[in-house]
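Here is the naming used below: chain letters follow the sequence lines, and residue numbers restart at 1 for every chain. Quick caveat, the model's predicted, so the values are computed rather than measured.
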Amino acid sequence: MRFLHTADWQIGMKASGLGLAAALVRQERFKSARRVIEAAQREKVEFILIVGDTFENNSIDRGLVREVIDILATAKLPVFVLPGNHDPFCAGSVWEMREWREQPDIHILDIENIAVTVPGATLYPCPIRERHGVDDKTTWIPHTGDGIRIGIAHGSVEGLAVDEFLYPIPRDAAERRGLDYLALGHWHSCGTIPLGENARMAYSGTHEPTGFGERDSGKVLIVEIECKGAAPLIRPVATGGLAWHSLEKSVAQPGDLKRIWEEVHSIINPGQALLRLTLRGVFSLEEIEYLEKIRTLPESGRFLYCDIKEVGLAPQPADDAWLEKIPDAAIREAARRIAGELGDEVVAAIRRQALVELYSALREVGP
Amino acid sequence: MIIRHIKVENWRSLVNPVEIAFNENINILHGSNGQGKSTLVEAMRMAFLDRFSLTGSDVGKIQPWGRELSPKVEIEFSDQGSTYRLCKKFLADKSCTVARLEAGTWMKYREGEAADEWARSLFHAQAPGKGVSKADHWGLARILWIPQGMPAYGGMTDALRTLLIPTAGAGGVENAPAGALEAAIRKKYGEYYTDKGAVRSGAGSLAEQEKCLQEAKARVDAIRVQLDEIDLWEKVVQENTRAVWEYHRQIEAETATMQALEQEVERFRTDALAAEQGRTRAEKSERERDNLKNRLARLDDAIAGQSRERALGDALTKETAALAKKLQDAGDVAAAAQRQAGRLDHDAETVTAVKAMAAEARTYRDRTAELAMLAEKKKTCDRLAEEIRINSAKIGDLRAPDKKEITALRRHLEDQKDARRELSALQLTLQFTASRAIRWKTLNGEPAVERDMDERETLAIRGLGIIEAEIEGAGVIRVQGPVGESADSLATKIARASEKIAAAVERFGTDNPEILQDRLGQAQLLEKESESKRNERDKTLGSLDDEGLLTAIARAGAMIRDYETRYPTWRDQVPDAGLLQKRAEELDADYAQRKVFVVREMERTRVEQMQISERLHDAQTRHASTQTALERYALLCEQLRDGHTDETLQTALDKLNGEAVIALREKTALEERVKAYAADPVAAHAALRLKAEGLQSLLVEKEKQTARAITEISVRGGRGLYSQLAENEEKLYADEHVYAAARLRAEALKLLYDTLCAVHAEQREKVVSPITMRASRLFQQINDRRMGMISLSENMDIAGFMPVETSGRMVGIDANLSGGEKEQLYLATRLALAEYLIPAGSGKHPVVLDDFLTATDDVRMSRIKELVETMTERFQFLILTCHPERYMGMRGVTMAEI
C-alpha cells in the first residue's frame, strides 16, 4: 500500500512582516498544493491523507476554500482530509461548505470514533472539533482491526518542542493502539518519531515553508506499507517553492560589509527567496557604500522579500577621521557633539543615523 | 579708507561742478534744504557701490531735470597707504576708471567693470542684480552710512556676518564649503520639517503616514473584534452542546422515576377520595344535630326575654307619671321669674335718662366756658387789626422808596454828574490875535464867522471837542480836545439821567437819596411792628381764621340756647353734672344687681324644665320599646316551635346525636388509611413533572442559543474575516516598517539640524555679546547708565533695550521711544558694529551721517560730539546738516558749505 501523507497547508495564513510579499507567499502555498497533487500522481499513491490545518482559520475567505477543493479534485484519487486545531470541525467551519460534498473523492474525516475502510486498510481518524484541547484524541482507536491499520491524528507528540502544545499524543501511540502507521499533523517540520528507520509515527510538516527559521519544511511523505505489521517505508518528497534565508551577521573588520554584500548577492534564485539579514557590530565609514547598497536591497526588488535589520550597528568609535573632512565650521562642531555621546539605544540609533546622514551629505557636496 | 575729495557734476540739482575737500577726521557739510547735500551722498554711494553701466528709470532720475547730461562723480581717497581717484560717469558717457597716485602721477589702476568690482570690494559690497543697489548690497556702508530719514539698518546680511565672526574672535569660520554642506542638511531637514520646525503635512509626509497607520490599525482592530466575536460564539456552541446533553440525561432519569410513581398515585387517590367522602358525611351529621340544638337554645332565650320585657314595661309606666308632675311645678317657677324681668325693664329706662341728663349738663358747662373764651379772642384780634391798619396808613404817608429804587436814583445822579464833567472837559476856547491883517473863516466852532481881521485884532472861538478855522493864505488851525465820547452823546446821557431823577422827585418829593434812605428806614420799622402784630393776631386765632372764629362763637351760642330751652332752670343756675352722674351710677348699680338675680333664676328654671321634659320623653320611648319587644318575642317563639311541642323537639335531638357519633367513627378510620402513605405521591409526581418540564424548557432555550450562535458563526465565517485580517496586518506591518525608517531619518535630521542651530546660536552669542556691551556703553555714554543694556536680535538688528527701572524687562524699539532716543540707539549700535566690522589697525573708514540727529536735544548732542571726537582714530566722519551751529565747538572739524 502506498499513500501520500501531508499536513499543515495553512491556506490563508498571515504573513505578517512580509509586507506586500505576503500575498505572493500565500499564493505560493496553492502552487505547492498543486505540486503535492503532482507528486501523488507521479508516485502513484492509492490515496492522500491531509492531517489537519489545511486552512489557517475557519474564517478565511471562502474563495480560498473553493480553490483548495478544485486542486484536490484534480488528484482523481481518494483524498482524506482531517480537521485540525486551526480549522476544527465546528459550527460555521469551512467543512460545512456545500462544495465539499459535491466531490466524491474528497472525504472529510469529521466523525469521531468511527473508522473508515479503504481497500486493504482501515483508517482511524481523530478529528479536532475545538481549537484548543488537552485530551489525547487517539484513545478511542481500538487495539485490533482488519487490514493495515492507519491512525490519523493532529496534535503535539509529547516531548517535542512545538510552539503550540495541544492535543497531546503519546510518543508510543502507534504501539499502544496497535497501528501500522500513525500519520501526524501540527508540527511544520518533517520528521519521524522516533528518528530513524522502523518508525511508525511521522510528521510530514508543511508542504510549503511558512516562515523564517523553519527546519525541514516544504515536503510531503510517501508512505509504503507492504502488509499488516510490516514497517512502513517513509520517504520525503520536496514540494516547497520558496526559500527563506535568515542571516545573522556581525560586522567588525573593514571588508566585512563587502563580504556580506557578496554573500547576499550569491543567493540563487533570489526572486523566489525571502531574506532576513540582521547586522550587528561596528563598521568603517569607508564601507558606507556597501552598507547603503545593502540598505537599498529591500527596495531593489531583487528578492521576493528582503528585510535588513541593524541591531546596534554603528560606525567604529575610533573612526572619527572623517569628521576632519567636514569644513571647520559650526557643522563640524555639531558633528563632534553628535558623535561624542550616543546615549541609550533609541537615542544612539538616532545619533548614528544623524552621522550617516551627515556623511552622505558630505559625500554629495564633495570635499 | 579716507575720502579726500569729491567732485560731482550733472547730478540732479548739482549741474555745475561741486567740489569739496575733506579732512581725515570730522567734516561738516552744511547747506540749506534742497542745496544738494543728500545728492552728494547719493553720488558718493553710487560711485563706490553701483555699476556704471546702469540703465533704466532709476539711474535716469539722477540726471539734471530736462537735460541729457551724463552724471559724473570723481572721488579721491586713501586706502592701505595708497591714494586713488575713482571716476564714474553714468548714462550716455558711462565709464568707470580708477587711477592710483604713483610718484606724483595718476596711473590707471582699474577700468570698466573691474574698477566697479574693485570699488565695491572696498566696502565688501555685493553687485546689485538690476537697477540701483539697495541697502542689502551696500556691505559696510549699510552700517556706516546713515541716509537721510533711515536711522534703522535692518540687521546684518550674511556677507557682513562673515566679516563679523572672525573679527569678534568667535572661533568657528563660516565658509563656502560649510555653507554648501549646511544647505544640503537643510534640504534634507526640509523634507520632513518646515522652516519653523513644524512637522510637514500633506501627501507622503510623516504626519500623513502616521495618520494612515492609525487608520490601518483601527481597521485591523475592528476585524480582530469580529474574529473575537466568532470565538465567543464558538464557545457558546461548545458549552451549550454540553449543557443540552446533560439536560437530556436528567430528563430521561426524571421520566423513569415518574413512571414508577404513577400506580401508587392511583391507589392514593382512591383512598383519599373515600376519606374525603367519610369526612363529608360526618360533617353533615354534626351540622344537622347542631342546627337543632341551636334552635332549642334560641327558643329558651325568647321565653326569658318575654318575661324581662314585661317587668320593665310596668316600671316605666310609674316613672312617666312622676315626671309629668315635676314638669308642671317647674313651669310655675319660670312664670314668676319672667314677671320679675318685666319690672326690671322700666328701671333700666330711668337709669338711661339720668345718665343722659348728666352728660348734657357737662356739655352745657363746657359750651358756656368755650363761648366766653371765643369772645375774648375776638376782642384781642379786633384790637390788633386796628393797630396794623394805622401802621399801614403811616407807611403810605411816608412815601418811602424801596432799596432798589434808591440805588437806581444814586446811579442816575452819578451818571448825570459824570456826563456833565466830561462835557465840561470838552469845552474849548481858541483865542487868536492876528499879527497882520488876515481873512478868518471859522470852520468849526462858535461864533461861526468868516471875516477879515485887522492887525492886532483878537478873536475868541469856543467849541466842543474841536475848533477848526482857516486863515486865508496861511492855513487851517485845528484845536482838538480830549478824545472820548462825543458831546452829543454826553448831552443825551445827561438828559436821560435828568428824566429819571425828575421821575423820582415826582414820586417821592425829593431827589435826595439820604432823605429817601431815612424814610425807607422808618417805613421798615413800621412794617416790622405790623408784622409782629400780625403774628400775635395769628397766634391768638390759632388754627382758626376770622370767619371760623365767628362761626365757632355762633355754634356755641346756639347749643347753649338749645339746652336752656330744654332745661329752663339751667339759665338761672348752672346744673351740677357730678351730682347727676353720681345719682345715675347708683341707680345703674342697683339695676345691675337685680338683673343678675332675675336672669339666673330664669335660666335655672328653663334648664330644670328641659331636663324633666327629656327624662319624660325617654321614659315614654322606652315604654313603647318594651311593648314592641314583647310582640317580637311572641312571634319568634311561634316560629321556633313550628307547630312542635317541646317533647317532640327533644326526641328529634336525641336521634341526631346518635347518627353523628357513627359518622365520626367512620371518618376517622378512612383518614388513618390515607395517613399510612409515607409521602404525598401525587405531590412528588407533580414535582418531578415540573422539574422535567423545567429541564425541557432550558434545553429548548440552549438549543435556540446554539442555533443562533451557529448562524452568527456561519455569517461571520463566510465573510473571510481572517483573510481580511491577514491582508490588513501585512500592509500595516509594511507601512510601520517604512514609517519607522522614515521617522528615524526625520529624527536624525532634526537632531543634526537642531545641534547645528545650537552651535550657530552659541557662536553668534560669542559675537553678539561684546557688540551688545559696546553698543550699550556708547548708548549710556550718550544718555546715562539708567538706560541699561541694548538687546540685539538674531540678525543683529535692535530689538530694544532694558532700562534699569524695568528690572530686565525689555522695551521694544517700536515702543514709546522718542525720536531722539531712537536716533541715539541706532547711532550707538551702528558705531559698535562698525568697530567690530572693521578690524583695528586696518585703517579708517568713512562714517556718513546725512541729516541725522535732528531730534536729539542739546545736552545729548554735546555728548555725541564728544563721542565722535574720540572715535576719529577709527573713523572719518562726514556729517551733512542744515544746522551747522549744532556742531560748533568740535575739534578738528572742516566746515564746508554747499
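Ion pairing of Lys14(A) with Glu730(B) is absent here, as no side-chain N (NZ or NE/NH1/NH2) approaches a carboxylate O to less than 4.0 Å. A salt bridge links Arg745(B) with Glu191(B): the closest approach of a Lys/Arg side-chain nitrogen to an acidic carboxylate oxygen falls below 4.0 angstrom.
Note on Lys731(B), Glu736(B), Glu234(B): by heavy-atom pairs under 4.5 Å with chain A, the leading option is Glu234(B). Each of Ser714(B), Ala746(B), Ala726(B) has some count of heavy-atom pairs under 4.5 Å with chain A, and the biggest count is that of Ala726(B). Note on Ala23(A), Ala22(A), Ser360(A), Ala21(A): by heavy-atom pairs under 4.5 Å with chain B, the leading option is Ala22(A). For the set Ala15(A), Cys90(A), Pro88(A), the entry with the most heavy-atom pairs within less than 4.5 Å of chain B is Ala15(A). Of the listed residues (Lys235(B), Gln238(B), Lys187(B), Gln724(B)), the one with the most heavy-atom contacts under 4.5 Å to chain A is Gln238(B). Taking chain A as the reference chain and counting heavy-atom pairs below 4.5 Å, the highest number among Glu712(B), Arg743(B), Glu762(B) is found for Glu762(B).
Looking at Glu56(A) and Trp9(A), their side chains never come closer than 4.5 Å, going by heavy atoms from C-beta outward. Between Glu182(B) and His760(B), some side-chain heavy-atom pair lies under the 4.5 Å cut-off.
Interface with chain A: from residues 206-221 of chain B, no residue qualifies, criterion being any non-hydrogen pair under 4.5 Å.
In summary, the side chains of Gln226(B) and Arg719(B) do present a donor paired with an acceptor at a separation below 3.5 Å, with no hydrogens or angles considered. Inspection of the His186(A) and Asp8(A) side chains reveals no N or O donor paired with an N or O acceptor under 3.5 Å. Side-chain contact, Asn57(A) with His86(A): no donor N or O sits under 3.5 Å from an acceptor N or O.
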Next item on the list: I would like to know whether Leu18(A) and Tyr733(B) meet side-chain contact (heavy atoms from CB on, under 4.5 Å); could you show each step before the answer?
Entry: CA-CA 8 Å; Leu18(A) 299 187; Tyr733(B) 182 86; over 6 Å; no
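If you measure heavy-atom distances from Glu364(A) to chain B, the contacts under 4.5 Å come from the side chain alone. Contact annotation for Arg332(A): neither backbone nor side-chain heavy atoms come within less than 4.5 Å of a heavy atom of chain B. Contacts between Ile230(B) and chain A at a heavy-atom distance below 4.5 Å involve the side chain alone, from C-beta outward. Interface remark: Leu732(B) contributes no atoms to any contact with chain A (heavy atom separation under 4.5 Å). Contacts of Ile331(A) with chain B are made by both backbone and side-chain atoms, with heavy-atom separations under 4.5 Å.
Using cut-offs of 30° and 60° for the angle between ring planes, the Phe212(A) and Tyr305(A) rings count as tilted.
Taken to the nearest 0.5 Å, the CE atom of Met13(A) stands 4.5 Å off from the CZ atom of Arg29(A).
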Distance-only donor-acceptor hits, side chain of residues 748-758 of chain B, under 3.5 Å, sequence neighbours excluded:
{"unit_1": "Lys750(B)", "atom_1": "NZ", "unit_2": "Asp754(B)", "atom_2": "OD2", "d": "3.2"}
{"unit_1": "Thr755(B)", "atom_1": "OG1", "unit_2": "Leu751(B)", "atom_2": "O", "d": "2.5"}

